[in-house]
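Heads up, the thing below is written out as structure tokens.
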Amino acid sequence: MQPRDLSAHAPYVPGRGTEEVARELGMDPEDLTKLSSNENPHGPSPKAVAAIEDAAPTVSVYPKTAHTDLTEALADKWGLDPTQVWLSPGADGSIDYLTRAMLEPGDDILEPSPGFSYYSMSARYHHGDAVQYDVSKADDFEQTAESVLDVYDGERMVYLTTPHNPSGSVLPRAELVELAESVDDHTLLVVDEAYGEFADEPSAIDLLSAYDNIAVLRTFSKAYGLAGLRVGYACVPEEWADAYARVNTPFAASELACRAALAALDDPDHVEKSVESAKWARQYLRDELDVPTWESAGNFVLADVGDATAVSDVAQREGVIVRDCGSFGLPECIRISCGTEAQTKHAVDVLNRIVSEVPTA
Ligand SMILES: *Cc1c(COP(=O)(O)O)cnc(C)c1O
């Protein structure tokens, strides 16, 4: 017995985890500074933790009310109809739901390169394929409608990541509007705002009332500090919002995830503090790292260290885990997540020492 031919399906490469690295190096996880997965260094809101504890005894029941409550709270937050909010296990789950709803076998998606690998993985699971447009390092990862339209050839879905992972660049609203007005009628623009809270630009969600070819992804994994619970959502235009009922996995987000997300929405101070802290850290990383970096609107900074594998391996042995961007197609770059003030300063000390010792080209 064998599964179908999966040779075209590359496995997702996550940032390295603390436990994993600690075991490998025989270190105490407490001694490691994990800045590899853009998680919230301040953890979840205490209100979310309390909600999880409160809900624990109820997990024998399917999450029907919690699902409805969270959907309504999000619809309220964004001024949408509840049908327009597609809850999912992480924003990754929303990528799957949109792919299920859009792709026929053999259809293509268009995605940024470098970029988030799950877009093409999801397309391939759903018997489609992926083509890339450049978000080019030579142009400081500037995002424009032109660079998308240069290669656009009627693909069914076009992914736009803003702030962009791994560079932190943004797609200005005027460029998005130009795209929405330029692509063919059958093309859906998927605006991935996984890091939207950290940016100064407003969300593209308000464009849903004017355009029926834009969907926006948001998540509780980053600014809200709930990555371990897996809860995110897509906001979609009213015209085709009812597709959710036909494509979602029943009870898409768990009871604990929904309850925690509701509590987290009720604690804007925690999000604000997390965003302020990330803004401080990304500026500190840019000011203090002795290597080229790029302006970031996310909770991370991309840095050109010459040999990302060499630098990240040495950093890891010294207890600082950063993301080697080789898997993004940037073997000379590392991505450093914004930590607490102490973590960020420590990471800069360690990385500056390493880049002064490791040959950088
Ligand atoms: C983290 C991330 C996501 C989604 O993560 P989930 O944990 O599945 O919500 C989506 N897109 C990008 C670009 C990301 O970095």
Side-chain angles (χ1 to χ4, degrees), residues 91-92 94-99 101-104 106-124 126 128-196 198-208 210-219 234-237 240 294-298 302 325 327-330 333 335:
D92 292 347
S94 283
I95 292 171
D96 281 335
Y97 295 165
L98 290 171
T99 320
M102 293 296 150
L103 288 200
E104 297 280 2
D107 281 350
D108 283 341
I109 64 147
L110 182 59
E111 61 174 355
S113 172
F116 188 58
S117 62
Y118 199 65
Y119 307 144
S120 60
M121 292 173 69
S122 181
R124 292 191 183 105
H126 296 89
D129 211 342
V131 214
Q132 285 80 32
Y133 63 90
D134 282 336
V135 175
S136 163
K137 187 181 168 209
D139 296 328
D140 290 328
F141 304 100
E142 186 185 12
Q143 299 198 63
T144 64
E146 193 189 348
S147 58
V148 178
L149 294 171
D150 273 353
V151 281
Y152 170 73
D153 187 24
E155 284 80 11
R156 185 69 157 110
M157 303 170 79
V158 176
Y159 282 93
L160 306 156
T161 318
T162 183
H164 176 252
N165 180 7
S167 73
S169 74
V170 296
L171 174 73
R173 152 137 341 196
E175 304 290 321
L176 172 59
V177 167
E178 185 183 335
L179 281 168
E181 290 179 354
S182 305
V183 294
D184 297 344
D185 285 347
H186 66 258
T187 296
L188 174 68
L189 302 177
V190 183
V191 185
D192 183 344
E193 295 183 352
Y195 302 99
F198 301 105
D200 293 323
E201 305 257 318
S203 170
I205 293 175
D206 64 350
L207 293 174
L208 299 187
Y211 296 93
D212 71 354
N213 60 351
I214 295 178
V216 180
L217 303 175
R218 306 282 298 204
T219 180
C235 297
V236 310
W240 48 272
W294 284 267
E295 183 173 2
S296 172
L302 187 71
C325 290
S327 70
F328 284 96
L330 296 170
C333 291
R335 190 193 65 199

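By convention here, the first residue in the shown sequence is residue 1.
You'll find the side chain of Tyr159 reaches within 4.5 Å of the side chain of Pro112, heavy atoms only. Taking 4.5 Å as the limit, every side-chain heavy atom of Glu155 sits out of range of all side-chain heavy atoms of Leu103. Residues Tyr119 and Asp192 meet the side-chain proximity criterion, which asks for heavy atoms closer than 4.5 Å. Within the 4.5 Å cutoff, no side-chain heavy atoms of Val190 are placed close to those of Val158. Side-chain contact between Glu295 and Ser169 is absent, with no heavy-atom pair separated by less than 4.5 Å. The side-chain heavy atoms of Leu179 and Leu160, taken from C-beta on, include a pair separated by under 4.5 Å. A 4.5 Å side-chain heavy-atom check between Val216 and Ile214 finds at least one atom pair inside the cut-off.
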Leu189 vs Val183, side chain to side chain contact (heavy atoms under 4.5 Å, CB included): CA-CA, chis, key distance, verdict: CA-CA 9 Å; Leu189 302 177; Val183 294; 4.2 Å; yes
Worked check of side chain to side chain contact (heavy atoms under 4.5 Å, CB included) between Val131 and Ile109: CA-CA 6 Å; Val131 214; Ile109 64 147; over 6 Å; no
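Surrounding CD of Glu181 are more than 12 heavy atoms belonging to other residues, nucleotides or ligands, all under 6.0 Å away.
One side chain, Ser167 or His164, offers a donor N or O that lies under 3.5 Å from an acceptor on the other. Between the side chains of Tyr133 and Glu111, no donor-acceptor pair is found at a separation under 3.5 Å. A donor-acceptor contact closer than 3.5 angstrom is absent between the side chains of Ser296 and Tyr195. Side chains of Thr187 and Tyr152: a donor on one and an acceptor on the other come within 3.5 Å.
In this structure, CE in Met121 is found 9.0 Å from CG in Asp92, a value given to the nearest 0.5 Å. Rounding to the nearest 0.5 Å gives a distance of 6.5 Å between OG of Ser122 and CD1 of Ile95. For the atom pair His126 NE2 and Met102 CE, the distance stands at 12.5 Å (nearest 0.5 Å). Separation of atoms OH (Tyr211) and CG (Leu176) is listed at 8.5 Å; rounding is to 0.5 Å. Rounded to the nearest 0.5 Å, atoms CG (Asp139) and CG (Asp134) are 9.0 Å apart. The structure places CG of Leu302 at 10.5 Å from CG of Asp140, a figure rounded to the nearest 0.5 Å.
For the pair Asn165 (side chain) and Phe116 (backbone), a donor-acceptor distance under 3.5 Å is absent. Listed for the Asp107 side chain is a donor-acceptor partner under 3.5 Å among the backbone atoms of Glu104. Judged purely by atom type and a 3.5 angstrom limit, Asp184 has no side-chain atom pairing as donor or acceptor with the backbone of His186. No donor-acceptor pair under 3.5 Å is formed between the side chain of Thr162 and the backbone N or O of Val170. A distance-only check finds no donor-acceptor pair linking the side chain of Trp294 to the backbone of Lys137 [under 3.5 Å].
Across all their heavy atoms, Glu175 and Ala145 have their closest contact at OE1-N, 2.7 Å. Taking all atoms of both residues into account, the shortest heavy-atom contact from Ala215 to Leu188 is N-CD1, 3.8 Å. Pairing each heavy atom of Val135 with each of Pro114, the nearest pair is O-CD, 3.3 Å. What you find for Gln132 and Leu110 is that their closest heavy atoms are C-CD1, 3.8 Å. The nearest pair of heavy atoms linking Gly298 to Pro163 is N-CB, 4.0 Å. Contact detail for Cys325 and Pro166: the closest heavy-atom pair is SG-CB, 4.2 Å.
Scored by the ring pair (Phe, Tyr, Trp, His ring centres under 6.0 Å) test, Phe328 finds no partners at all (sequence neighbours excluded). Residues meeting the salt bridge (charged side-chain N to carboxylate O under 4.0 Å, His left out) test with Arg218, sequence neighbours left out: Glu193, Glu197.
Arg156 has no carboxylate O lying under 4.0 Å from a charged side-chain N of Asp108, or vice versa, which leaves the two without a salt bridge.
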